[in-house]
Amino acid sequence: MSKAKRQAPTLPKGTRDFYPESMRLQNFIFDTWKRVSKRFGYEEYEGPIFEHLELFTGKSGDEIVSQLYHFEDKGNRALALRPEMTPTLARLIVQKGNTIKKPFKWFSIPRLFRYERAQKGRLREFFQLNLDVIGTESVFAEADLISAIVAMLVEFGLSADDFSIGISSRELLANYLIEIGVSDPNLVYPALDRRLKTSPEAFLSTLLELGLLETQVQKINTFMESKSLNEIRTMISSPNSIQALNDLQNLFDLIENTGFGPYIGLDLSIVRGLAYYTGIVFEVFDRAKSMRAIAGGGRYDNLCENLGGQKVPGVGFGMGDVVLANLLKDHDLIPDLHPKIDLYIASFTNDFPKVFVLANQFRELHLNVAHPLEITKLSKQMDQANSQGARCVVYVDGEKATENTYEFKDLSKGLMHIGSIQDIVEYLKNEPS
RNA sequence: GUGAGUGUAGCUCAGUUGGUUAGAGUCCCAGAUUGUGAUUCUGGUUGUCGUCGGUUCGAGUCCGAUCACUCACCCCA
C-alpha cells in the first residue's frame with residue numbers, strides 16, 4: 001500500500017510562528033512593556049487562557065459568541081479562549097478582592113483569541129499588554145495609566161509627533177445625553193461610537209430611527225466636536241455633568257503638570273464599543289491615523305458588581321502587539337536584534353573534550369558560551385562564532401598560549417589577546433564592545 | 001457574513017501576442033583557504049509554476065472552478 005501524499009502542514013489562519021528572529025522582536029516589545037510597567041509600580045499577574053464562556057457573554061447576549069473560540073470540554077462545560085483580559089481580572093478581584101490591599105496596580109501580557117477575519121493590525125491570536133488600577137475612584141488612576149502609556153511609547157522611540165492620546169468621558173456624555181432628553185444613553189452608544197465612520201446623513205438617520213429628535217442630534221454633534229472643556233461647561237447644568245467635567249479637567253491638569261501635555265487631547269467623539277465603561281475613556285492613535293487604535297481603555301466601576309461581587313472601582317487599558325509592531329516598523333524603530341553571546345570556544349585540532357570543559361568553566365562564571373558541535377574546520381567555527389553573535393572567540397589550543405592561558409580574539413576589533421580565564425572575564429567586563 | 005486583489009525556489013521577484021529542458025538575486029551547503037571570521041571568486045541543492053479541469057499540436061502564460069493569502073467592509077473587547 002502506497003503512502004497517500006500528506007498535505008504539507010500549514011499555519012492556522014490569523015496566527016503567527018515565532019522563529020527566533022521574530023521572537024527577538026517579540027521579546028523586545030515585551031521587555032519594554034514589562035520594564036516600564038514595573039517602573040510605574042505595576043505587578044504582573046496571569047490567568048488561564050480559557051475561561052467559562054459565560055464570563056465573556058454575561059448579559060451582553062450571544063452576539064459575541066460568534067467572535068469567540070469556544071468549545072465544550074469532556075465534562076460538558078462551555079469554555080472559551082479568552083478574547084480579552086478584563087473579565088479575568090474582574091473574576092480575580094471578585095474571588096479575592098477583600099484580601100487584597102487597595103488600591104493596587106497590576107499588569108499582564110495575555111495571549112488572546114478572537115474568531116474574526118484577519119486583516120492589517122488584527123489577527124486571530126495576539127498579545128495585549130493590560131494595565132489596570134483597581135480600588136480607587138480617584139482620577140489619579142487615569143493619570144497614572146496615561147503617563148505609563150506615554151512613558152512606554154516614548155521608550156520605544158515614539159514622540160508627540162507620532163501618537164496622540166484622545167481622552168473622553170462616558171459619564172459626561174451620559175449625563176449630557178440625559179440633560180438633552182435622551183432617555184436611555186446605553187442605546188445610542190454604538191451609533192455614537194461610529195459617528196466618524198459614517199456620513200453625517202447616515203449618522204442622523206440612525207439616531208432618528210432610535211427615537212431621537214433632529215435638535216438632539218445637532219446638540220450631540222456640537223458636543224462631540226467640542227475641543228475645549230470650557231466650551232462644554234456652558235452646555236451643561238446638572239451636578240453629575242459638572243462632576244464628570246471636573247474630573248476630566250483634573251485629569252488634564254495632572255497630566256499637563258507632568259509635562260505630558262503634548263501627548264494628550266480632549267476628544268469627545270471617543271465612546272468605545274464596550275458596554276462596561278462608566279467614566280473616563282481614552283484611545284491612543286497614530287497621528288497619521290493610518291491604522292487602528294494603538295491602545296484603548298477606560299473606567300469600569302461596576303464590572304465586579306455586575307459579575308456578582310462587591311462594587312470595586314477600576315480603570316485600565318489594553319495595548320496590542322500587532323498594531324504596535326506595525327507602528328514601530330513604519331517609524332523605523334526596531335533596533336538591531338541580532339543574537340548575542342559572550343564567547344565561542346574554538347579549537348584548531350577539534351579537541352572537543354577541552355572545548356567542552358572550558359565552555360562549562362566560563363558558564364559557571366555566568367557567561368553565555370557556544371562551541372562547535374561536530375568536527376569542523378576552523379574557518380567554519382569562526383563563521384559560527386560570527387553568526388551566533390559572539391564577542392570573542394577563545395582557542396583552547398593556541399600555540400602562543402602558555403599553561404592555563406588561552407589565545408582569544410575580539411571579533412568586533414579583530415585583535416588577538418592571550419590570558420587566563422579570569423583575564424578573559426575581566427576583558428569582557430571592562431572592554432567596550 | 002460581503003467585496004476586491006494576489007498566487008512562479010525557504011525569501012524578493014523576472015518570465016515577450018501561448019512555443020523545446022522554467023530563470024535571476026538572496027538564503028543555505030561545499031570549495032578556493034589542512035592554524036585564524038567578516039570581503040571576493042567558483043561550484044551545488046531546492047519548484048507538481050497554489051490545486052483541479054477546459055481550450056490548443058503545444059499552457060507558467062488563455063478560460064472556468066476551487067483553495068490559500070492579503071486588503072477593505074461588518075464588527076471591534
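Numbered from 1 within each chain, the chains take letters A, B, ... in sequence-line order.
Base-pair partner of B:G1: B:C73 (Watson-Crick or G-U wobble, both distances under 3.5 Å). In this structure B:U6 sits in a base pair with B:A68, meeting the Watson-Crick or G-U test at under 3.5 Å. Summarising the base pairing, B:G25 is matched to B:C11 through a Watson-Crick or G-U wobble pair whose two defining distances lie under 3.5 Å. As the counterpart of B:G37, no nucleotide is assigned, since no Watson-Crick or G-U wobble pattern has both distances under 3.5 Å. Searching all strands for a Watson-Crick or G-U wobble partner of B:U45 with both distances below 3.5 Å returns nothing. Base pairing of B:G58: no nucleotide in any strand meets the Watson-Crick or G-U wobble criterion (both distances under 3.5 Å).
Rounded to whole Å, the distance from NZ on A:Lys120 to P on B:C69 is 18 Å. One can place CD of A:Glu21 at 13 Å from P of B:C27, the figure rounded to the nearest angstrom. One interatomic measurement links the two molecules: CG of A:Asp383 to C1' of B:C29, which rounds to 11 Å at whole-angstrom precision. Spacing between atom NZ of A:Lys380 and atom C1' of B:C29 amounts to 8 Å, rounded to whole angstrom units. Counting to the nearest Å, the P atom of B:G37 and the CD1 atom of A:Ile345 are 18 Å from each other. Distance, A:Asn386 CG to B:G37 C1': 5 Å, rounded to whole Å. A straight line from NE2 of A:His417 to P of B:U36 spans 18 Å, rounded to a whole angstrom. Taking atom CG on A:Leu415 and atom P on B:A38, their separation rounds to 17 Å, with Å as the unit.
One side chain, A:Tyr427 or A:Asp410, offers a donor N or O that lies under 3.5 Å from an acceptor on the other. Judged purely by distance below 3.5 Å, without hydrogens or angles, the side chains of A:Asp132 and A:Tyr300 pair a donor atom with an acceptor atom. Side-chain N/O atoms of A:Asn350 and A:Ser347 include no donor and acceptor closer than 3.5 Å.
Salt-bridge annotation for A:Asp31 and A:Arg24: absent, with no side-chain N of the basic residue lying under 4.0 Å from a carboxylate O of the acidic one. The existence of a salt bridge linking A:Asp161 and A:Arg287 is excluded, since no basic side-chain nitrogen approaches an acidic carboxylate oxygen closer than 4.0 Å. In this structure, A:Lys219 does not pair ionically with A:Glu214, as no charged nitrogen and carboxylate oxygen lie closer than 4.0 Å. Salt-bridge formation is detected for the pair A:Glu225/A:Arg195: a Lys NZ or Arg NE/NH1/NH2 atom is positioned less than 4.0 Å from an Asp or Glu carboxylate oxygen. Comment: A:Arg82 does not engage A:Glu125 in a salt bridge, judged by the lack of any side-chain N to carboxylate O separation of less than 4.0 angstrom.
For B:G37, its base sits under 3.5 Å from the side chain of A:Lys409 at one donor and acceptor pair at least.
For B:C69, one of the phosphate oxygens OP1 or OP2 lies less than 4.0 angstrom from a side-chain nitrogen or oxygen of A:Lys13.
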Contact list (N/O, under 3.5 angstrom) for nucleotides 32-35 of chain B vs protein:
residue : atom : partner  : partner atom : Å
B:G35   : O6   : A:Glu399 : OE2          : 3.0
B:G35   : N1   : A:Glu399 : N            : 3.2
B:G35   : N2   : A:Glu399 : N            : 3.2

Measure all distances between protein nitrogen or oxygen atoms and nitrogen or oxygen atoms of nucleotides 74-77 of chain B, and list the pairs falling under 3.5 Å.
residue : atom : partner  : partner atom : Å
B:C74   : N4   : A:Gln119 : NE2          : 3.2
B:C74   : N4   : A:Arg122 : NH1          : 3.0
B:C75   : OP1  : A:Arg194 : NH1          : 3.2
B:C75   : O2'  : A:Gln67  : NE2          : 2.9
B:C75   : O2   : A:Arg122 : NH1          : 3.3
B:C75   : O2   : A:Arg122 : NH2          : 2.5
B:C75   : N3   : A:Arg122 : NH1          : 3.2
B:C75   : N3   : A:Arg122 : NH2          : 2.8
B:C76   : O2   : A:Arg122 : NH2          : 2.8
B:C76   : O2   : A:Arg292 : NH1          : 3.3
B:C76   : N4   : A:Lys197 : NZ           : 2.3
B:A77   : OP1  : A:Gly273 : N            : 2.7
B:A77   : O3'  : A:Arg272 : NH2          : 3.3
B:A77   : O2'  : A:Arg114 : NH2          : 3.4

Is there any protein nitrogen or oxygen under 3.5 Å from a nitrogen or oxygen in nucleotides 39-43 of chain B, and what are the pairs?
none

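Using a 4.0 Å heavy-atom cutoff across all strands shown, A:Gly318 reaches no nucleic acid atom at all.
Closest approach of A:Cys304 to A:Gln310, counting heavy atoms only: CB-O, 3.5 Å. Summarising the geometry of A:Ile178 relative to A:Pro185, their closest heavy-atom pair is CG1-CG, 4.0 Å, with the distance given to 0.1 Å.
Comparing the same atom, P, in B:U46 and in B:A59 gives a spacing of 24 Å after rounding to whole Å. For the P atom pair drawn from B:G31 and B:A14, the interatomic distance equals 35 Å after rounding to whole Å. Taking the C1' atom of each, B:C57 and B:G18 are spaced 12 Å apart, rounded to whole Å. Across the C1' atoms, B:C62 and B:U16 are found 15 Å apart, a figure rounded to whole Å. Annotation: B:G44 and B:U61 have their C1' atoms spaced 30 Å apart (nearest Å). A gap of 15 Å separates the C1' atoms of B:C74 and B:A4, to the nearest Å. Look at the C1' atom in both B:U39 and B:G50: the space between them is 40 Å, to the nearest Å. Of the P atoms belonging to B:A68 and B:U51, the separation is 15 Å, rounded to the nearest Å.
Ring centers of A:Phe163 and A:Tyr263: under 6.0 Å apart, within the cut-off. Ring pair A:Phe30/A:Phe127: centre-to-centre distance below 6.0 Å. In this structure, A:Tyr344 has its ring center no closer than 6.0 Å to that of A:Tyr395.
Between A:Phe40 and A:Tyr42, the ring planes lie tilted relative to each other; the angle falls in the 30° to 60° range.
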